[in-house]
Number of protein chains: 2
Amino acid sequence: MNARQILEDAGVRPSVQRLAVMDYLATHKTHPTVDEIYSALAPSIPTLSKTTVYNTLKLFVENGVTQMLTIDEQNSRYDADVSPHAHFLCSKCGKVYDLQFVDFANTLPEEIDGHAIKEVYQFFKGICSCCAEK
Amino acid sequence: MNARQILEDAGVRPSVQRLAVMDYLATHKTHPTVDEIYSALAPSIPTLSKTTVYNTLKLFVENGVTQMLTIDEQNSRYDADVSPHAHFLCSKCGKVYDLQFVDFANTLPEEIDGHAIKEVYQFFKGICSCCAEK
DNA sequence: ATTCATTTTTGTAATCATTTCAATTTTGTT
DNA sequence: AACAAAATTGAAATGATTACAAAAATGAAT
């Protein structure tokens with residue numbers, strides 16, 4: 001599904017900037033920060049403002065087409081894959097990897113201890129296989 | 001186990017400030033922010049500096065006697081309970097609750113996809129039972 | 001097409017959590 | 001008591017994020 005489709009389905013007006021951000025997220029599954037997104041898009045959209053990237057991502061999160069990851073203390077990271085999956089942050093290289101949800105992939109509870117659950121995040125931290133080899 | 005014991009076992013020198021922070025964490029399982037800890041302790045330790053609270057918590061995390069939670073985007077929160085357990089953040093009242101780890105409590109993998117796992121965080125967000133009643 | 005209202009984008013300035021850093025104080029050892 | 005090392009402190013810097021108001025773009029109605 002392309003960026004325009006995703007936005008239209010969510011009822012988000014597909015402006016040039018929004019399409020660019022969604023397209024970037026959809027094609028770069030690296031869980032980029034605001035800065036990374038801004039730096040990547042600024043050359044092709046010279047008038048782009050970092051505020052717009054912030055606004056856009058906030059809108060995406062509100063409309064459920066993107067999730068914000070707080071796995072990294074320094075920067076928020078964003079992921080257009082909103083299906084349930086876990087994340088791994090390498091403490092050495094800082095890369096964030098996608099992982100399958102551990103154990104309860106198909107049995108996500110709607111409630112725990114009487115608390116209604118809307119969002120679930122599973123974060124792992126350690127050294128990635130790539131960094132371990134060295 | 002009291003605060004002094006915890007610090008001594010971890011090889012952390014038990015200064016007045018460190019004892020106060022650890023004692024606060026051990027007796028207030030509310031996952032407080034730096035500000036909350038500082039505000040709570042400042043009256044009884046008039047010379048206390050917020051920097052000291054930051055330094056102390058960093059030291060605690062490095063020595064494995066406290067974990068930092070990034071469940072709340074705005075502030076880091078701290079928990080002296082380092083046993084594996086999950087957290088629930090209420091989007092309405094902002095409180096963070098302890099939960100039991102879902103499903104893999106006793107089967108925490110040491111490695112996933114070749115990545116060596118050092119830390120695991122499981123965050124849930126939604127509306128807590130308390131807020132739902134109203 | 002033109003007007004007008006609404007929405008979106010933009011840049012600047014403000015906010016606020018966290019870090020840096022150097023000076024001071026405290027602590028432990030001789 | 002004297003000294004070195006460690007801990008604390010406060011002020012200033014950093015840096016991500018937000019607030020805000022002006023400018024630009026869009027869409028609907030005429």
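Note that the structure is a prediction, hence the values are computed from the model and not measured. We name chains A, B, ... by the order of the sequence lines, and we start the count at 1 in each one.
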Worksheet entry | For atom CG of A/Asn63 and atom C1' of C/dT8, their distance in whole Å | 15 Å
Worksheet item: With respect to the phosphate group of C/dT10, does any side-chain polar atom (N or O) of A/Thr52 fall under 4.0 Å of OP1 or OP2?
Response: yes
Practice prompt. Start with the C-alpha gap between B/His31 and B/Asp72, add the side-chain angles, then the distance that decides, and say whether side-chain hydrogen bond (donor to acceptor under 3.5 Å, both in side chains) holds.
Written response: CA-CA 10 Å; B/His31 318 89; B/Asp72 177 350; over 6 Å; no
Worksheet item: Taking atom C1' of D/dT18 as reference, at what distance in whole Å does atom CG of A/Leu57 sit?
Response: 14 Å
Worksheet, complete the sentence: Sequence neighbours excluded, the answer for salt bridge (charged side-chain N to carboxylate O under 4.0 Å, His left out) partners of B/Asp79 is none
Discussion item. For D/dT9 and B/Thr47 - does any side-chain N or O of the residue sit under 4.0 Å from the phosphate oxygens OP1/OP2?
Written reply: yes
Item to complete: For A/Arg18 and C/dT10, give me the distance from atom CZ to atom P, rounded to whole Å.
Response: 11 Å
Would you mind writing out the side-chain donor-acceptor pairs for residues 55-64 of chain B within the sub-3.5 Å range, not counting sequence neighbours?
unit_1	atom_1	unit_2	atom_2	d
B/Asn55	ND2	B/Thr51	O	3.4
B/Thr56	OG1	B/Thr52	O	2.6
B/Asn63	ND2	B/Leu59	O	2.8

Fill in: Relative orientation of the end axes in the helix from C/dA1-D/dT30 to C/dT30-D/dA1, expressed as an angle to the nearest 10° (five pairs per end)
20°
Discussion item. I need the CD-C1' distance between A/Gln17 and C/dT8, as an integer number of Å.
Written reply: 8 Å
Worksheet item: So, is A/Ser15 close to the C/dT9 phosphate, meaning a side-chain N or O under 4.0 Å from OP1 or OP2?
Response: yes
Discussion item. Counting primed atoms plus P, OP1 and OP2 as sugar-phosphate and everything else as base, spell out the protein contacts along nucleotides 15-30 of chain C at 4.0 Å heavy-atom distance: B, S or - for each nucleotide, 5' to 3'.
Written reply: --SBBB----------
Item to complete: Among residues two or more places apart or on two chains, list those pairs meeting salt bridge (charged side-chain N to carboxylate O under 4.0 Å, His left out) that have a residue in residues 112-130 of chain A.
Response: A/Glu73-A/Lys125
Worksheet entry | salt bridge (charged side-chain N to carboxylate O under 4.0 Å, His left out) involving B/Lys50 - partner list, sequence neighbours excluded | B/Asp35
Worksheet item: Can you name the side-chain hydrogen bond (donor to acceptor under 3.5 Å, both in side chains) partners of B/Asp81, sequence neighbours left out?
Response: B/Ser83
Worksheet item: Can you pull the ring pair (Phe, Tyr, Trp, His ring centres under 6.0 Å) pairs that have at least one residue in residues 1-24 of chain A, sequence neighbours excluded?
Response: A/Tyr24-A/His28
Discussion item. Using whole Å, what does the distance between atom P of nucleotide D/dA7 and atom CG of B/Leu48 come to?
Written reply: 16 Å
Item to complete: Using whole Å, report how far CG of A/Leu41 lies from P of C/dT10.
Response: 11 Å
Worksheet item: Looking at the rings of B/His115 and A/Tyr97, which for Trp means the six-membered one, are their centres under 6.0 Å apart?
Response: yes
Worksheet item: Going by the salt bridge (charged side-chain N to carboxylate O under 4.0 Å, His left out) test, which pairs reach into residues 16-27 of chain A, not counting sequence neighbours?
Response: none
